[in-house]
Amino acid sequence: MTIQSVLKSVAVAVLVTLVAAPVYAQGNAAAGQGKITVCLACHGQGGNDSLLPNVPKIGGQGEKYLLKQLHEFKDGVRVAPLMTGMLIALNDQDLADVAAWYSSQPAPVGAVEPDKRALGEAIFKAGIADIGVAACSACHAPDGKGIDTAGYPALSGQDPAYSEIQLKAFRAGERMNDDAEVMRTIAARLKDTEIAALASYLSGLR
């Protein structure tokens, strides 16, 4: 697949997200603060407290993206039995309020490993044209803050171990909740060294 066809898939995914995305409840951050009891053990009050590699930092994450993930965890579209169990008792308004709360919190701040910066930066900003990998910045913004109107997540400051896990899950087809299979298509072309470099670079983005 050429980089042009990958970019076309990205464009299709944007259209799918904007036109056919589910209509969710409107969130209230103040109300959400009182509904995060089930989240505190792993994510903490501000969303960025976990030191576990399989638990993302979610403070400051895009509200639309967070809400989509919460619904898909609850419905089993994104497979994570622990998350499904935690969310099963929350209704649509609860999920919207929780997403609004964590989205309103400060974003995480990380750091890039110096030996991974050059490769990670190159992939993020320019992709890898020879194997049809588009620049990550096209969907996730040059500063890694994401495009919340399209539901594309912020990646900056994320724990590199978590980013690696997710990219490898997309690559293996274990995570399948990406619009138009864009992430699966891209991750399938990345080597472990490229994923590690990219994950480290994302952590240090501001």
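As the structure is a computational prediction, the values presented were derived from the model and not from experiment.
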Rounded at 0.5 Å granularity, tell me how far SG in Cys39 sits from CG in Leu90.
7.0 Å
Would you indicate whether Leu52, at its atom CG, is surrounded by more than 12 heavy atoms from other residues, nucleotides or ligands within a distance under 6.0 Å?
yes
Does any non-hydrogen side-chain atom of Gln33 lie less than 4.5 Å from one of Gln45?
yes
May I ask you to decide if Gln26's main-chain N or O and Gln93's side chain share a donor-acceptor pair within less than 3.5 Å?
yes
So, does His43 use its side chain to make a donor-acceptor pair with the main chain of Ser50 at under 3.5 Å?
no
Heavy atoms only: give me the nearest Ala29-Ser104 pair and the separation to one decimal.
CB-OG, 4.0 Å
Closest non-hydrogen atom pair, Lys116 against Ala196:
CD-O, 3.6 Å
Answer yes or no: is there a donor N or O on one side and an acceptor on the other, between the side chain of Asn48 and the main chain of Pro106, under 3.5 Å?
yes
Expected output: side-chain Gln158 to main-chain Leu155 donor-acceptor under 3.5 Å:
no
Angle class for the Tyr24/His71 ring planes (parallel below 30°, perpendicular above 60°, tilted otherwise)?
parallel
State, to 0.1 Å, how close Ala25 and Ala96 come at their nearest heavy-atom pair, and which atoms those are.
O-CB, 3.4 Å
Take Glu121 and Lys125 through the salt bridge (Lys or Arg N to Asp or Glu O under 4.0 Å) test and state the conclusion after the steps.
CA-CA 6 Å; Glu121 183 175 15; Lys125 292 183 175 180; 2.6 Å; yes
Just by distance, do the side chain of Asp148 and the backbone of Lys64 share a donor-acceptor pair under 3.5 Å?
yes
Say whether, by atom type as modelled, one donor and one acceptor occur between the side chain of Arg184 and the main chain of Met176 under 3.5 angstrom.
yes
I want to check something: taking the side chain as every heavy atom from C-beta on, are Glu164 and Asp192 in contact at a cut-off of under 4.5 Å?
no
Same cluster or not: are Leu82 and Tyr162 linked, directly or through other Ile, Leu, Val, Met, Phe, Trp or Tyr residues, by side-chain heavy atoms under 4.5 angstrom apart?
no
Are Leu95 and Lys74 side-chain neighbours, meaning at least one heavy-atom pair lies under 4.5 Å?
yes
So how far is it from Cys136 SG to Leu167 CG, rounded to the nearest 0.5 Å?
8.0 Å
Kindly indicate whether the side chain of Arg171, heavy atoms from C-beta on, has any atom under 4.5 Å from the side chain of Ile195.
yes
With a 4.5 Å heavy-atom cut-off, do Arg117 and Ser200 have their side chains touching?
no
So CE of Met86 and OG1 of Thr37: to nearest 0.5 Å the spacing works out to 11.0 Å
Is a donor on one side and an acceptor on the other found under 3.5 Å between the side chain of Ser156 and the backbone of Leu202?
no
The single option from Ile58, Asp49, Asn54, Val55 that satisfies side chain to side chain contact (heavy atoms under 4.5 Å, CB included) with Cys42 is Val55
Nearest atoms (heavy-atom pairs only) where Ala80 meets Phe73
CB-CE2, 3.5 Å
Can you tell if the side chain of Glu194 reaches within under 4.5 Å of the side chain of Ile123, non-hydrogen atoms only?
yes
NE2 (His140) and CZ (Phe124) are apart, to the nearest 0.5 Å, by 7.5 Å
Do Thr185 and Asp178 touch side chain to side chain, with heavy atoms closer than 4.5 Å?
no
OG1 of Thr149 to OH of Tyr65: how many Å apart, nearest 0.5 Å?
15.5 Å
For Pro108 and Gly59, the nearest pair of non-hydrogen atoms, with its separation, is CD-O, 3.2 Å
Check against side-chain contact (heavy atoms from CB on, under 4.5 Å), Lys191 and Ile128
CA-CA 12 Å; Lys191 301 173 184 176; Ile128 310 175; over 6 Å; no
Any link between Leu40 and Leu87 through a network of hydrophobic side chains (Ile, Leu, Val, Met, Phe, Trp, Tyr) touching at under 4.5 Å?
yes
Is the side chain of Ser163 donor-acceptor paired with the backbone N or O of Ala199 at a distance under 3.5 Å, no angle test?
no
For Gly146 versus Ala141, what's the shortest heavy-atom pair and its separation?
O-CB, 3.8 Å
Any side-chain heavy-atom pair from Leu205 and Lys145 closer than 4.5 angstrom?
no
Test side-chain contact (heavy atoms from CB on, under 4.5 Å) on Ile186 and Phe170; report intermediate values, then the result.
CA-CA 9 Å; Ile186 290 172; Phe170 279 126; over 6 Å; no
If only atom types and distance count, is the side chain of Arg189 paired as donor or acceptor with the main-chain N or O of Val133 below 3.5 Å?
no
Asn177 side-chain N/O to Val77 backbone N/O, donor-acceptor pair under 3.5 Å
no
Can you tell me how far apart CG (Asp97) and CD1 (Ile36) are? Round to the nearest 0.5 Å.
11.5 Å
Look at the side-chain heavy atoms of Ile, Leu, Val, Met, Phe, Trp and Tyr, link any pair under 4.5 Å apart, and say whether Ile147 and Leu66 land in one connected group.
no
